[in-house]
Amino acid sequence: MTISKGTLRGSNRIKENDKRRIIDESQRKRRQRKVMEMLESDNYHDDPHADLVMSKKVPKFEDNLEQRSSRTKRKERSVDYYQFKYRKNFQQLVDEDRAESEAKQRPSYMDIQCGESQLPSRHFCAVCGFLGQYNCLSCGTRYCSIRCMETHMDTRCLKWAG
Amino acid sequence: MSWDSKSPKISKRRRSSTSKDVPTKAAKSASLKALIIDNGGYTIKAGYNRDEEPQIIPNCIMKAKSERKRLFIGKQIDECRDCSGLFFLLPCEKGYITRWEVQKPVWDQLFGKDVCPINDNPTIITQPLFNFKSIQDCMDEIFFEEYEVPSLFRCNPTDLAYLNYAKENRLSRNEACLIIDSGYSFTHIIPYIKGNKFIQAAKRLNVGGKLLTNHLKDIISYRQYNVMEETYVINQVKEDTCYVCEDVKAELREAAKPFSKNTIVKNYVLPDFNNIRRGYIQQANKTDEKEESCQILRLNNERFVVPEILFHPSDIGMKSMGIAEAAVKSIYSCPKIDRKALARNIIIVGGNCKFPGFKERLYAELRSLLPDLWDVKVFLPSDPITYAWKGGGALLKLHDFKSNLVTRQDYEELGSAIIQERFNNFMIDDSRLDDSSKPPKEQTNFKYLEKLKSRSIFGKQELCPSGSSNDPTNEENGAASNSKNEQGEDGIVDSNKEESNSVSDEASQDSFQAVEVDKGKKSKVTQEKQSEDDVDIDSDVSEEDLTKSLELFPFGTGSYL
Ligand SMILES: [Zn+2]
Ligand SMILES: [Zn+2]
């Protein structure tokens, strides 16, 4: 590394403050939440067959069940039946579990979630993945060098800022 | 439910009922034929208890860009020629089934005649810890009313992994185990003590294989090609190239070398679904003609930085402890008497354990965080993905297992609420909840144990506000024990050994205070040295000492900084 922390901070701080917007704490949190949502998502793109209305054509269980032909009164239910009857979003499920756990004096789903780490956090450059000891003044993202800083500024820095 | 490792009665009876066409090995495993399903968020492991291996089926419906006329359900994906831009419909959200319009067709396809017919067999299916009530209601309805299984049982995959390990090692019931299940949706760390889950000390880390794949997708898209739509392919890239390193700092130094001198950098040939169906690592110094028209991905620090998230979720800004730290915390939340056994019986299962180096790194971190005098052993099964499924055989061999099966008649007569109690309380000993749920004494000072919260859930004050009769030990010991109980409020009180335990708790309290006083006299440096010594010498490390040792060895041997 050729630049020292001191010079980078000293010379750039004033310039940056003049030029660039600074994302405040709540915006940074919102950005982090968006990143976590992306990491939890099933797909990045839209359903390629969204225009086809295909989901209704899922083969039914009975198509596969010749062996069970002796059983004629078996309840046959459409896929939509269960989805309609038991549809609940995740937050609803967690809230119900919380209420039930309190009533039954048992631990809940949320109780066993890992707490915050006691270990100091490590810092990787968001651009190249190596150690990054500097913070972007605008958004707080880590970077390791002028080069990575510039890449960051040109690309993701204010991309998700609302 | 109790674990009976020998169960001589059953084996005799079974031998007599063995028929000629059944191989002896299968006959040994169980008299009951049952379908065992480990219903994971990414794959379903399914098969009969007599099968050697389960079938592994993707638990999803996929849509291919190239074939607009059909869906690929579960294992039908094998019929898909072009898996680029595959679109996933997943039944689970954070590991729990919320999309029945996806789960049901996957099950229908799986239990149909072509794959793994359910027919009229008892069925055992896994569910995650704290599976939500309405999800269980729906499972009950599907299995009893639509599939019409004669009997059903649900338990956690970690229960099966524990039973498998206990059976394989002829483990005594008194030998506690820590099961770490790191799968696609999350990572669970669950202690088993005297054959039961010790839920108060269970931990869930919201990091699993899905998050790692998505992160890899993101950083490759930022640094090389846009692969955001290629979850299927990048998941394979992850499986083929990622590993867990011993020491991140050293590994980063190696990765920073020029590519010609760097042992980490690899070129990965991406599939084109024409000549190459599955990607692979390009051999150095070898150029294949068919590779010339292909896209090559260059992987360097991505190979080991991605799985680091399991150990340090804070690397991506998650405010959560990593797998080793959580395991240590879990062990210290268990009764003192079981902690050493937990440290020497750590079983790791789930897909993430297949990263090369995972076991070694976990061991190294645990080794540095736990007292030197403790034996630390981490057991990685030969196949960590099917290990839980294989425990289904051990479950069927439990001597009172048949009485735990819920029949269709039970379901119709008793209703979902009661049968779910049976499932949810499997391998949970209620008597322990009353006695051991109070945090052990050392934890009074434990910064990161939320004492108040655990008290309001388990604490005696809430359970019996009058401070009296519900507790049998209280009645037996009469007035004499009252003062003791007051003193030992935060201690571990085993119902059988209350007396002796209280005494030893008092003793440890005394020595703890002595150490405290001692420390007060010393300089800061010696203070730290002292606590370090405590970690080495005293097997019952107090909470403060643990926190100190974390400060002293922040990254274990896999150190970085
Ligand atoms: Zn960089
Ligand atoms: Zn920035």
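All chains are named by letter (A, B, ...) in the order of the sequence lines, taking the proteins before the strands, and each is independently numbered beginning at 1.
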Query raised in the report: How many angstroms lie between NZ in Lys104(B) and OG in Ser78(A), if you round to the nearest 0.5 Å?
Result: 8.5 Å

Query raised in the report: Do Glu101(B) and Tyr82(A) have side chains that get closer than 4.5 Å, going by heavy atoms?
Result: no

Query raised in the report: Is any side-chain heavy atom of Leu252(B) closer than 4.5 Å to a side-chain heavy atom of Phe124(A)?
Result: yes

**Report entry** Donor-acceptor contact present, side-chain His49(A) to main-chain Lys65(B), <3.5 Å
**Finding:** no

Requested in this report: Verify, without hydrogens or angle tests, whether Lys88(A) (side chain) and Thr98(B) (backbone) share a donor-acceptor contact under 3.5 angstrom.
Outcome: no

Query raised in the report: Distance-only, no hydrogens or angles: does the Gln32(A) side chain make a donor-acceptor pair with backbone N or O of Ile316(B) under 3.5 Å?
Result: yes

Query - Arg204(B) side chain to Tyr109(A) backbone, donor-acceptor under 3.5 Å - result: yes

**Report entry** salt bridge (Lys or Arg N to Asp or Glu O under 4.0 Å) evaluation trace for Asp111(A) with Lys203(B)
**Finding:** CA-CA 8 Å; Asp111(A) 289 331; Lys203(B) 302 273 167 245; over 6 Å; no

Query raised in the report: At a heavy-atom separation under 4.5 Å, does Ile189(B) approach chain A through its side chain, its backbone, both, or neither?
Result: neither

Query - Any side-chain donor near an acceptor of the partner, Glu146(B) and Tyr81(A), under 3.5 Å - result: no

Requested in this report: Side chain from CB out, backbone as N, CA, C, O: work out which of these in Asn300(B) comes under 4.5 Å of a heavy atom of chain A, or both, or neither.
Outcome: side chain

Requested in this report: Select, from Ser185(B), Ala255(B), Gly322(B), Pro128(B), the one with the greatest count of heavy-atom pairs under 4.5 Å involving chain A.
Outcome: Ala255(B)

Report task. Pick whichever of Glu230(B), Glu308(B), Glu302(B), Met228(B) has the most heavy-atom pairs under 4.5 Å with chain A. Result -> Met228(B)

Requested in this report: List the steps and the verdict of side-chain contact (heavy atoms from CB on, under 4.5 Å) for Arg77(A) and Glu141(B).
Outcome: CA-CA 11 Å; Arg77(A) 276 157 181 168; Glu141(B) 184 169 339; 2.9 Å; yes

Requested in this report: Indicate yes or no: does Arg156(A) engage Asp218(B) in a salt bridge with an N to O separation below 4.0 Å.
Outcome: yes

Query raised in the report: Is any side-chain heavy atom of Arg106(A) less than 4.5 Å from a side-chain heavy atom of Asn424(B)?
Result: no

Query raised in the report: Can you name the closest pair of heavy atoms from Leu39(A) and Asn214(B) and give their distance?
Result: O-ND2, 2.9 Å

Query raised in the report: Angle class for the His45(A)/Phe87(B) ring planes (parallel below 30°, perpendicular above 60°, tilted otherwise)?
Result: perpendicular

Query raised in the report: Is the backbone of Asp315(B) close enough, under 3.5 Å, to the side chain of Arg122(A) for a donor and an acceptor to pair up by distance?
Result: no

Requested in this report: Decide yes or no for Met110(A) and Phe130(B): does some side-chain heavy atom of the first lie under 4.5 Å from some side-chain heavy atom of the second?
Outcome: no

Query - Contact origin within Ile219(B) toward chain A - heavy atom pairs under 4.5 Å - result: neither

**Report entry** Side-chain heavy atoms of Tyr222(B) within contact of Thr155(A), under 4.5 Å
**Finding:** yes

Query - Where Leu86(B) and Asn43(A) come nearest, the two heavy atoms and their spacing - result: O-OD1, 4.1 Å

Report summary line: Counting heavy-atom pairs under 4.5 angstrom with chain A, the leader among Ala326(B), Ser320(B), Cys138(B) is Cys138(B)

Query raised in the report: Taking side chain as C-beta onward, heavy atoms only, is Glu116(A) less than 4.5 Å from Met321(B)?
Result: no

Query raised in the report: Under a 4.5 Å cut-off applied to non-hydrogen side-chain atoms, are Leu211(B) and Met36(A) in contact?
Result: yes

Query - Salt-bridge contact Lys85(A)-Asp137(B) (side-chain N to carboxylate O under 4.0 Å) - result: no

Query raised in the report: Are the side chain of Glu325(B) and the backbone of Gln118(A) linked by a donor-acceptor contact shorter than 3.5 Å?
Result: yes

Query raised in the report: Could you walk me through whether Lys133(B) and Asp97(A) pass the salt bridge (Lys or Arg N to Asp or Glu O under 4.0 Å) check?
Result: CA-CA 8 Å; Lys133(B) 187 175 183 310; Asp97(A) 176 69; over 6 Å; no

Requested in this report: Pick one of side chain, backbone, both or neither for Glu421(B), based on which atoms fall under 4.5 Å of a heavy atom in chain A.
Outcome: side chain

Query raised in the report: Which pair of heavy atoms, one from Arg99(B) and one from Arg87(A), lies closest together, and at what distance?
Result: CG-NH2, 4.1 Å

